[in-house]
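Protein chains get the first letters and strands the later ones, always in sequence-line order, with residue 1 at the start of each. Nothing here was measured: the structure is a model prediction, and the numbers come from that model. Computed from heavy atoms alone, side chains included, the values below leave out hydrogens, waters and symmetry copies.
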Number of protein chains: 2
Amino acid sequence: MDGDAFNPECPTRLVLDRIGDKWSVLVVLSLRKGPRRFTELRDMIGGVTPKVLTQTLRAMAADGLLTRHVFAEVPPRVEYELTPLGQSLQAPIRAITDWAEQHVNEVMAARESALTG
Amino acid sequence: MDGDAFNPECPTRLVLDRIGDKWSVLVVLSLRKGPRRFTELRDMIGGVTPKVLTQTLRAMAADGLLTRHVFAEVPPRVEYELTPLGQSLQAPIRAITDWAEQHVNEVMAARESALTG
DNA sequence: GTAACCAGTATCCGATGGATACCTTCGGTC
DNA sequence: GACCGAAGGTATCCATCGGATACTGGTTAC
C-alpha cells in the first residue's frame, strides 16, 4: 500500500511532492478560516516572495486544492479559497504542524549539540 | 498557537521546513520496520541520488531523528535507525501519505483538466 | 593481479528559489 | 491634467540546490 510512494513514477509520489512543499502547507493553514486575498496571504506567510506565492497558488489550483476568484473591481481583487479537497488536507497538515510544535525543543536541542560537538 | 509557523524565524517553521522535505518523509517510511543500510535506503527510495540521500540522512541525524551507526567491517557497513523522536513522526507522516493515496485520483483528475481546459 | 563490495565523494550542470524592480488600470487628489 | 496609490501580480537577475554521472579506498575473494 504505502510502498507506492517509493516509486517516483507513482501518482501518490507526485501528490506527496506537491503537498510536501513548505509553501503549500502554509497556504493551507492560511486559508483554513475562509477565503483570503493575495496580499493577505503574502503578509500572513512570512518570507514568501510574490513570484513563489503565485507559483504555489497556481499549482494548488491546478491540483484542485483551491479556487482563484477574480473580481472585476478597481483596484483588482482576487480571492483564494480552499475547495473541499483542500479542506480535507487540514487534518493531516495539522498532524504535522502539531508534531513540529510539540517536538521543536527536542529537535533544536539535537541540532545545537550536533553543531557543538 | 499555530501562527508561529508563519514566522520564518520561528523554530517551528525551521522544523516544518525540514520534515516537509520529500526525501525525509520517504526516509522515515523506509525505516519504519527497523534499521537499514545506506544502499538499502538508496534502492528502496526510487529516484534519490547518493549525494542527496547522504545530505538528507546527515541532516536528520543532526536533528535527532535517526542514528548513524558505523560497523568497522569490510566491506563497510553503516546502519541508519530511527530514534524515538523519529518514530514519533510516523503517525503524522502516515496521515499525509494516507491522504495522498486516498485523494490521488481527485488530484490527478484536476491536474489533467487544468492542462486541457 | 584484478575484480567486487559498500558507502559514500567529486564534479558539473540545469532547474529552482529568492531578491528586487517594475507594470497596469483606475479613481481620487491638487 | 499630471501625479499618486491601491492590488495583483510580472520581469529580470543571481545564488543555491538538486540531480546525473563518475570516481575513490580498503579489503577480501578469485
Check: Considering only heavy atoms from C-beta outward, does the side chain of B:R37 approach that of B:V78 to under 4.5 Å?
Finding: no
Within residues 44-56 of chain B, those residues having any heavy atom closer than 4.0 Å to DNA chain C are B:P50, B:K51, B:T54
Sugar-phosphate only, base, or nothing, as touched by B:R42 at under 4.0 Å among non-hydrogen atoms
nothing
### Task
Compare all side-chain heavy atoms of A:L66 with those of A:E81 and state whether any distance is below 4.5 angstrom.
no
Q) Are a donor atom and an acceptor atom from the side chains of A:R36 and A:Y80 found within less than 3.5 Å of each other? A) no
Bounded by its outermost nucleotides with an atom under 4.0 Å from a heavy atom of chain A, the footprint on DNA chain C reads C:dG17 to C:dC26
Residues at least two apart in sequence or cross-chain that pass side chain to side chain contact (heavy atoms under 4.5 Å, CB included) with B:P92, listed by chain then number, are A:A95, A:I96, A:W99, B:L89
5'-most to 3'-most nt of DNA chain D touching chain A (<4.0 Å, heavy-atom partner on protein side) reads D:dA6 to D:dT12
On a heavy-atom basis, the closest approach of B:R13 and B:F6 is NH1-O, 3.2 Å
**Report entry** Basic-acidic side-chain contact under 4.0 Å: B:E40, B:R42
**Finding:** no
Item to complete: Report yes if some heavy atom in the side chain of B:V104 is under 4.5 Å from a heavy atom in the side chain of A:L14; otherwise report no.
Response: no
Axis-to-axis angle across the helix from C:dG1-D:dC30 to C:dC30-D:dG1, five pairs each end, nearest 10 degrees, ~ 30°
Close side-chain approach of B:R18 and A:V107, heavy atoms under 4.5 Å: no
#### Entry: Any side-chain heavy-atom pair of A:V28 and A:I19 under 4.5 Å
no
Residues pairing under salt bridge (charged side-chain N to carboxylate O under 4.0 Å, His left out) where one sits in residues 107-117 of chain B, two or more places apart or in two chains, turn out to be A:D63-B:R111
Here the residues of residues 68-82 of chain B within 4.0 Å heavy-atom distance, strictly under, of DNA chain C are B:R68, B:P75, B:P76, B:R77, B:V78, B:Y80
Next on the checklist: If you define the side chain from C-beta out and look only at heavy atoms, does anything of A:L16 sit under 4.5 Å from B:K22?
Outcome noted: no
Quick note, ring-ring contact (aromatic ring centres under 6.0 Å, His included) partners involving residues 51-76 of chain A, not counting sequence neighbours, are A:H69-A:F71
What side-chain donor-acceptor pairs closer than 3.5 Å can you find for residues 50-60 of chain B, not counting sequence neighbours?
{"unit_1": "B:T54", "atom_1": "OG1", "unit_2": "B:P50", "atom_2": "O", "d": "2.9"}
{"unit_1": "B:T56", "atom_1": "OG1", "unit_2": "B:V52", "atom_2": "O", "d": "2.8"}

### Query
With a 4.5 Å heavy-atom cut-off, do B:R32 and B:Q87 have their side chains touching?
no
Residue pairs passing the ring-ring contact (aromatic ring centres under 6.0 Å, His included) test with at least one member in residues 27-52 of chain B, sequence neighbours excluded, are none
Ordered by number, residues from residues 14-23 of chain B within less than 4.0 Å of DNA chain D (heavy atoms) are B:K22, B:W23
Hits for side chain to side chain contact (heavy atoms under 4.5 Å, CB included) against B:N105, two or more places apart or cross-chain, chain-then-number order -> none
**Prompt:** Are any side-chain N or O atoms of A:T12 and backbone N or O atoms of B:A100, one a donor and one an acceptor, separated by less than 3.5 Å?
**Reply:** no
